[in-house]
Every structure is written in C-alpha cells, then in structure tokens.
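What follows is a single structure, written as structure tokens, with notes after it.
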Amino acid sequence: MPPVIAGPLAAWAWLTLRLFALLHAQTLWRAAAGGMWWAIAGALAAVLAAAWAPGRFAPVAWSWWLLAAGFELLLGAVLGVLVSLPGEAAFGAARRSG
C-alpha cells in the first residue's frame, strides 16, 4: 500500500496552500507589511484554514496529494493575481502621481 496522508490533514493543507498563494499576491498588503509578508500570509492562511473544520475525508496517497497541492498553489496564485489587480492599479497610480 502506498504511503497516505490523513484526509482531514490533506484538506487543511490544500486549503492553506490555496489561501497562502492568494494572500501572497496581494500588492497593497505586501507593500504595507514589507519583507515579512510571506510569513504573515502563511500564518494567516494556516489560521483561516484551521477555522474551516473539514468533515470526514478519505486518506489520500502522497503522490496524488502532491499533484493536487501543485494545482492548489496554481489556482490560488491565479485567483490572487485577479483579486489584486485593482490594488495594483491603485498602487501604480499613486506611484505615478507621486
């Protein structure tokens, strides 16, 4: 039997990865927090994902978990960039006028 990861842990980790990628892309928050934004985004993502209580999930094989984790990071990054576009525009306009 291949090595597996517990279902609730797998779901929490996937959600944490997606939220981290989404939060990490936020321009205004990154500018406000400075160089530590990646750590703040990671902690915030872990806390938000822990607040979501997953139900019963079947164990997941590590190989499938890693594949899904890559997709979660990609999805979070794309959603994060789309959500941060207005902030990028406002930040760029402020720099341009300043």
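This chain uses plain numbering: 1 for the first residue, then up along the sequence.
The same ILVMFWY cluster, assembled from side-chain heavy atoms under 4.5 Å apart, contains both Leu48 and Leu15. Leu22 and Val47 fall into different hydrophobic clusters, where Ile, Leu, Val, Met, Phe, Trp and Tyr side chains are chained together by heavy-atom contacts under 4.5 Å. Linking Ile, Leu, Val, Met, Phe, Trp and Tyr whenever their side-chain heavy atoms come within less than 4.5 Å puts Phe57 and Leu19 in one cluster.
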Checklist entry - For Trp37 and Leu23, what are the C-alpha separation, side-chain angles and deciding distance, and is it a side-chain contact (heavy atoms from CB on, under 4.5 Å)? => result CA-CA 9 Å; Trp37 175 238; Leu23 289 170; 4.2 Å; yes
Next on the checklist: Working note: Trp12 + Thr16, criterion side-chain contact (heavy atoms from CB on, under 4.5 Å); need CA distance, chi angles, decisive distance, verdict.
Outcome noted: CA-CA 6 Å; Trp12 172 82; Thr16 300; 3.4 Å; yes
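Between Phe20 and Ala41, the closest heavy-atom pair is CD1-C, 3.8 Å.
For residues 26-51, the set of pairs meeting the salt bridge (charged side-chain N to carboxylate O under 4.0 Å, His left out) definition, not counting sequence neighbours, is empty.
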Donor-acceptor pairs are to be reported for all side-chain atoms of residues 58-82 against protein atoms at under 3.5 Å, with residues two or more places apart or in another chain.
residue, atom, partner, partner atom, Å
Trp62, NE1, Val4, O, 3.4
Glu72, OE1, Arg18, NE, 2.6
Glu72, OE1, Arg18, NH2, 2.8
Glu72, OE2, Arg18, NH2, 3.0

